[in-house]
Amino acid sequence: MSVVWGTPPWDTGAPRLRPALPSRCDVAVIGAGLTGLSAAYHLARRGADVVVLEAERVGAGASGHTGAIALEGTSIGPLAGADDCLAVLARVASEAGIACDLDLRGCWELEHRPPAPDATPLWRDGDGHLYVARTEPGGTLDVGALLRGLARAAAEAGARIAEGVPVLPLVAGHPLRLAGGETLAARCVIVATESLTRDLVPLPEVSAALTLALATEPLAEQTIAAIGLAERRPFYTADLPYLWGRLLADGRLVVGAGLVFPDDGDVRRVSVDDPAARAALARLEARLRGLHPALGTVGVSARWGGPVAFRRSAGPIFAWHPALPGVLVTGAYAGHGVALSVCLGKRAAAAAIDGQPLPDWGRIG
């Protein structure tokens with residue numbers, strides 16, 4: 001999957017050996033991304049017998065192909081139970097001893113405006129100019145380090161993480177069926193597979209796309225200062241044409257924009273080498289070079305895409321599946337899932353153990 005979608009700048013860790021799987025557990029978590037690993041970590045700390053089933057490897061999906069900008073709330077704004085995501089992310093990283101370069105000093109929200117004599121634009125963007133409108137809660141992190149740290153912490157707490165174990169579509173009232181022929185009975189199942197969730201459960205309201213990004217070669221400090229990023233703030237535009245970006249620790253500038261929708265709805269079939277994706281990446285590169293003269297000849301070190309899921313109501317899914325008792329479904333984060341996924345993973349664990357009620361906004365259907 002990572003080859004098809006390009007190579008992001010995150011090291012999610014070496015593949016792990018598949019542990020012996022039990023025939024039964026308290027909670028089965030499907031998907032070893034940020035949501036699934038956060039859920040497994042919090043479940044195991046509470047003493048639950050938890051097994052994580054990952055079709056490929058830790059971070060192989062959306063979590064490992066993100067731009068690693070952490071924002072508060074959801075893609076449609078703050079929602080009850082998902083309005084303290086940044087604090088949850090910071091607490092989890094701290095208590096689990098995860099060094100992931102978490103920097104939550106804020107994120108610039110940019111707007112396209114006509115030139116004004118009393119304001120200095122940050123960049124030129126096509127025929128317009130980009131201005132810093134405000135600083136919103138948020139920041140950046142090394143998402144590879146966060147994934148590695150959550151996997152380590154979950155395993156140390158007692159969770160079993162099995163990579164290379166695809167799960168077949170779920171059937172009400174039956175154990176999980178694994179592609180290798182085994183079955184796994186669980187009192188509760190948490191589905192945390194984001195853009196691939198429709199492979200497992202009926203979810204007609206969700207669609208998937210590939211969102212695109214690239215990273216430059218490392219920029220000199222004088223170049224970083226010249227383009228206005230000496231504070232190393234991440235940024236995103238509040239209007240169209242959309243653009244987001246951030247600096248990496250080594251001075252590379254990451255920017256992203258553009259979506260490629262698969263004709264058949266299966267985002268796994270979309271490659272960064274597909275004509276539509278290549279054209280979109282070429283436009284993104286040209287746009288980057290036009291932002292500031294200092295970026296005019298900068299080299300590009302990486303190009304990749306990340307799967308992103310949306311639902312028609314625009315908000316995320318966080319609900320018990322109405323046709324599958326005991327199955328809790330998360331996802332459809334619409335590209336806003338870095339902090340949200342860790343937060344909802346923790347809340348999914350509380351729902352599985354304590355029966356904690358889920359918010360109405362996350363319902364399916």
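Computed from heavy atoms alone, side chains included, the values below leave out hydrogens, waters and symmetry copies.
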Test log, rule salt bridge (charged side-chain N to carboxylate O under 4.0 Å, His left out), inputs Asp266 and Arg198: CA-CA 9 Å; Asp266 189 348; Arg198 291 196 307 175; over 6 Å; no
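- Formation of a donor-acceptor pair under 3.5 Å by the Glu54 side chain with backbone atoms of Ala32 is found in this model.
- Thr135 places none of its side-chain heavy atoms less than 4.5 Å from the side chain of Glu109.
- Between Phe310 and Tyr333 there is no side-chain heavy-atom pair separated by less than 4.5 Å.
- No donor-acceptor pair closer than 3.5 Å links the side chain of Asp11 to the backbone N or O of Ala145.
- Side-chain contact between Leu243 and Leu110 is absent, with no heavy-atom pair separated by less than 4.5 Å.
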Going through the checks in order, is the side-chain contact (heavy atoms from CB on, under 4.5 Å) test met by Leu259 and Leu210? CA-CA 5 Å; Leu259 294 171; Leu210 200 67; over 6 Å; no
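- In Asp354, the CG atom is crowded: over 12 heavy atoms of neighbouring residues, nucleotides or ligands sit closer than 6.0 Å.
- Salt-bridge check for Arg232 with Asp103: failed, with every basic side-chain N at 4.0 Å or more from each acidic carboxylate O.
- With contacts defined as side-chain heavy-atom distances shorter than 4.5 Å, the pair Leu104/Pro137 does not qualify.
- Contact annotation: the side chain of Val50 never approaches that of Arg160 to less than 4.5 Å [non-hydrogen atoms, C-beta and beyond].
- Note that the CG atom of Leu150 and the OG1 atom of Thr35 stand 10.0 Å from one another [nearest 0.5 Å].
- One finds a salt bridge joining Arg268 and Asp199 here, because a Lys/Arg side-chain nitrogen approaches an Asp/Glu carboxylate oxygen to under 4.0 Å.
- Remark: side-chain polar atoms of Asp274 are not paired, donor with acceptor, to backbone N or O of Ala276 under 3.5 angstrom.
- Judged purely by atom type and a 3.5 angstrom limit, Ser75 uses its side chain to pair as donor or acceptor with the backbone of Ala314.
- The backbone N or O of Leu214 lies less than 3.5 Å from no partner atom in the side chain of Trp304, so there is not a single donor-acceptor pair.
- A donor-acceptor pair under 3.5 Å is absent between the side-chain atoms of Arg278 and the main chain of Val272, judged by distance alone.
- At distances below 3.5 Å, not a single donor-acceptor pair connects side-chain atoms of Glu194 with backbone N or O atoms of Val308.
- To the nearest 0.5 angstrom, Leu141 atom CG is 9.0 Å from Leu147 atom CG.
- Residues Arg246 and Leu248 meet the side-chain proximity criterion, which asks for heavy atoms closer than 4.5 Å.
- In this structure, Ser341 contributes its side chain and Val338 its backbone to a donor-acceptor pair below 3.5 Å.
- Take Trp123 and apply the ring-ring contact (aromatic ring centres under 6.0 Å, His included) test, not counting sequence neighbours, and it matches Phe235.
- Contact of the Val191 side chain with the Thr330 side chain is not registered, since no non-hydrogen atoms from C-beta on lie closer than 4.5 Å.
- Side-chain contact between Ile69 and Trp244 is present, with at least one heavy-atom pair separated by less than 4.5 Å.
- Between Asp84 and Arg347, at least one side-chain N (NZ, or NE/NH1/NH2) sits under 4.0 Å from a carboxylate O, which counts as a salt bridge.
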Go through the steps to decide whether Thr120 and Tyr131 satisfy the test side-chain hydrogen bond (donor to acceptor under 3.5 Å, both in side chains), and finish with yes or no. CA-CA 7 Å; Thr120 302; Tyr131 292 81; over 6 Å; no
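- Side-chain N or O atoms of Arg105 include one that pairs as donor or acceptor with a backbone N or O of Glu231 at under 3.5 Å.
- Among the candidates Arg24, Arg18, Arg177, the single residue satisfying the salt bridge (charged side-chain N to carboxylate O under 4.0 Å, His left out) test with Glu182 is Arg18.
- Note on Glu205 versus Arg311: salt bridge recorded, some NZ/NE/NH1/NH2 to OD/OE distance being below 4.0 Å.
- At least one donor-acceptor pair under 3.5 Å links the side chain of Ser301 to the backbone N or O of Ala215.
- Of the listed residues (Leu43, Leu53, Leu37, Thr193), just one forms a side chain to side chain contact (heavy atoms under 4.5 Å, CB included) with Val29, and that residue is Leu43.
- Aromatic ring orientation, Trp5 versus His65: perpendicular (interplanar angle above 60°, classes split at 30° and 60°).
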